[in-house]
Amino acid sequence: MDLKIAPSILSADFGRLNEDIATIDDYIDYIHIDVMDGHFVPNLTFGAPIVKYVKSGNPLDVHLMVENPENYIDDFADIGTSVLTFHYEAVEDCLWLISKIKEKGMKVGISIKPGTKVEVLEEFLSKLDWVLVMSVEPGFGGQSFMPVALEKIKWLREKALDINIAVDGGVNAETGALCRQAGANVLVAGSYIFKAEDRIAAIKSLRG
Ligand code: DX5
Ligand code: ZN
């Protein structure tokens, strides 16, 4: 599958978010939006009323790190979200939530934390557009890549040839190459891109 780069705006300057996005918008494939509620993860970011003002020519890839993700489906659909990803650990009935998100016309993804076994996703794979493998504990940017993600990516790619496999956390040129080799085709990167002196060179280095 084509490689896609999804910069996480968590590491951008929120005071000049759209200017920051404009510096890279022609070189990327998605905008990755980290929504945190202070419950599912010990950090708080923003919801749809703010994300609505994000300006980009690229589709929005929304990563919900929240409890009760079902409460936010309508709001993110209304602002034009392309891919809506929820956490396996936050939900009791994943099948129900998958169909709710699809009914709203969005692509659907499930994410798993580093401590969650990838096999739990097997029963959902045929219904998913996207799997997001966390390679750090969700909640903060700037952490180091956890290699446990690589085995999960390999397992997923063997099971699901036609699904988008995204990896999120500590992705840079080196860890990104390992993820690509393992079978990931979406690289999410926050600090590696937004804190780089040359953001475009950083994006190109992720493409290999
Ligand atoms: C972490 C978020 C990530 C984060 C990645 O909970 O899901 O998207 O922004 O940041 P880096 O690339 O700096 O590890
Ligand atoms: Zn994320």
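Order of listing sets the numbers, starting from 1, for every ligand and every atom in it. All values derive from a computational prediction rather than experimental measurement. Values below: every heavy atom of this structure, side chains too, minus hydrogens, waters and symmetry copies.
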Pair Phe86-Cys94, side-chain contact (heavy atoms from CB on, under 4.5 Å): steps then yes or no: CA-CA 9 Å; Phe86 63 88; Cys94 288; 3.9 Å; yes

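Between Ile193 and Leu206, some side-chain heavy-atom pair lies under the 4.5 Å cut-off. By the 4.5 Å heavy-atom criterion applied to side chains, Phe40 and Pro69 are not counted as neighbours.
Close approach of ligand 1 to His32 is summarised as follows: ligand atoms under 4.0 Å from at least one heavy atom of the residue are 8 (O). For ligand 1, the atoms sitting less than 4.0 Å from at least one non-hydrogen atom of Pro138 are 6 (O), numbered in the order shown with element in parentheses. Proximity to Ala189 (heavy-atom distance under 4.0 Å) selects the following atoms of ligand 1: 12 (O). If you number the atoms of ligand 1 from 1 as listed, the ones under 4.0 Å from a heavy atom of Asp34 come out as 2 (C), 3 (C), 4 (C), 7 (O), 8 (O), 9 (O). Near Met134, the atoms of ligand 1 lying under 4.0 angstrom from a non-hydrogen atom of the residue are 7 (O). Interface atoms of ligand 1 facing Met65, defined by a heavy-atom separation under 4.0 Å, are 6 (O), 7 (O). Listed by number with element, the atoms of ligand 1 under 4.0 Å from a non-hydrogen atom of Gly169 are 14 (O).
Atom NZ of Lys102 sits in a crowded spot, with more than 12 heavy atoms from other residues, nucleotides or ligands closer than 6.0 Å. Residue Tyr88 places its OH atom among 12 or fewer non-hydrogen atoms of other residues, nucleotides or ligands, all under 6.0 Å distant.
Atom 10 (O) of ligand 1 has Gly141 CA, 3.5 Å as its closest protein atom, hydrogens excluded (heavy atom only). The protein atom (non-hydrogen) at minimum distance from atom 13 (O) of ligand 1 is Ser191 OG, 2.5 Å. The protein non-hydrogen atom at the shortest distance from atom 12 (O) of ligand 1 is Gly190 N, 2.7 Å. Protein heavy atom closest to atom 6 (O) of ligand 1, with residue, atom name and distance, is Gly139 N, 2.7 Å. With respect to atom 9 (O) of ligand 1, the closest heavy atom belonging to the protein is Ser8 OG, 2.8 Å. Scanning the protein for heavy atoms near atom 14 (O) of ligand 1, the closest one is Gly170 N, 2.8 Å. Scanning the protein for heavy atoms near atom 5 (C) of ligand 1, the closest one is Asp168 OD1, 3.5 Å.
In terms of polar-atom proximity, Gly142 is counted as a contact of ligand 1, with an N or O under 3.5 Å from an N or O of the ligand. Of the N or O atoms in His63, one or more lie within a sub-3.5 Å distance of an N or O in ligand 1. Residue Leu10 has no nitrogen or oxygen atom sitting less than 3.5 Å from a nitrogen or oxygen atom of ligand 1, judged on distance alone.
Closest of all the heavy-atom pairs between Thr45 and Met36 is OG1-N, 2.9 Å. Of all the heavy atoms in Ile28 and Pro7, the pair that sits closest is CG2-CG, 3.5 Å. The two residues Ala160 and Leu125 come nearest to each other via the heavy atoms CB-CD1, 4.3 Å.
Aromatic ring centroids of Phe14 and Phe46 lie under 6.0 Å apart.
Taking OG1 from Thr116 and CE from Met134, the interatomic distance works out to 11.0 Å, rounded to the nearest 0.5 Å. Rounding to the nearest 0.5 angstrom, the gap separating the CD1 atom in Ile31 from the NZ atom in Lys55 is 13.0 Å. With rounding to the nearest 0.5 Å, the separation of NZ in Lys117 from CD in Glu122 is 14.0 Å.
Under the 4.0 Å criterion applied to side-chain N and carboxylate O atoms, Asp78 and Lys52 are not assigned as salt-bridge partners.
Side-chain N/O atoms of Asp2 and Asn185 include no donor and acceptor closer than 3.5 Å.
Listed by chain and number, the protein atoms of type N/O/S under 2.8 Å from the Zn ion (ligand 2) are His32 NE2, Asp34 OD1, His63 ND1, Asp168 OD2; waters are omitted.
Taking 4.0 Å as the cut-off, Phe140 counts as a neighbour of ligand 1 on heavy-atom distance.
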Distance-only donor-acceptor hits, side chain of residues 165-173, under 3.5 Å, sequence neighbours excluded:
| from | atom 1 | to | atom 2 | distance (Å) |
| --- | --- | --- | --- | --- |
| Asp168 | OD2 | His32 | NE2 | 3.2 |
| Asp168 | OD2 | His63 | ND1 | 3.2 |
| Asn172 | OD1 | Glu174 | N | 3.0 |
| Asn172 | OD1 | Thr175 | N | 2.9 |
| Asn172 | OD1 | Thr175 | OG1 | 3.1 |

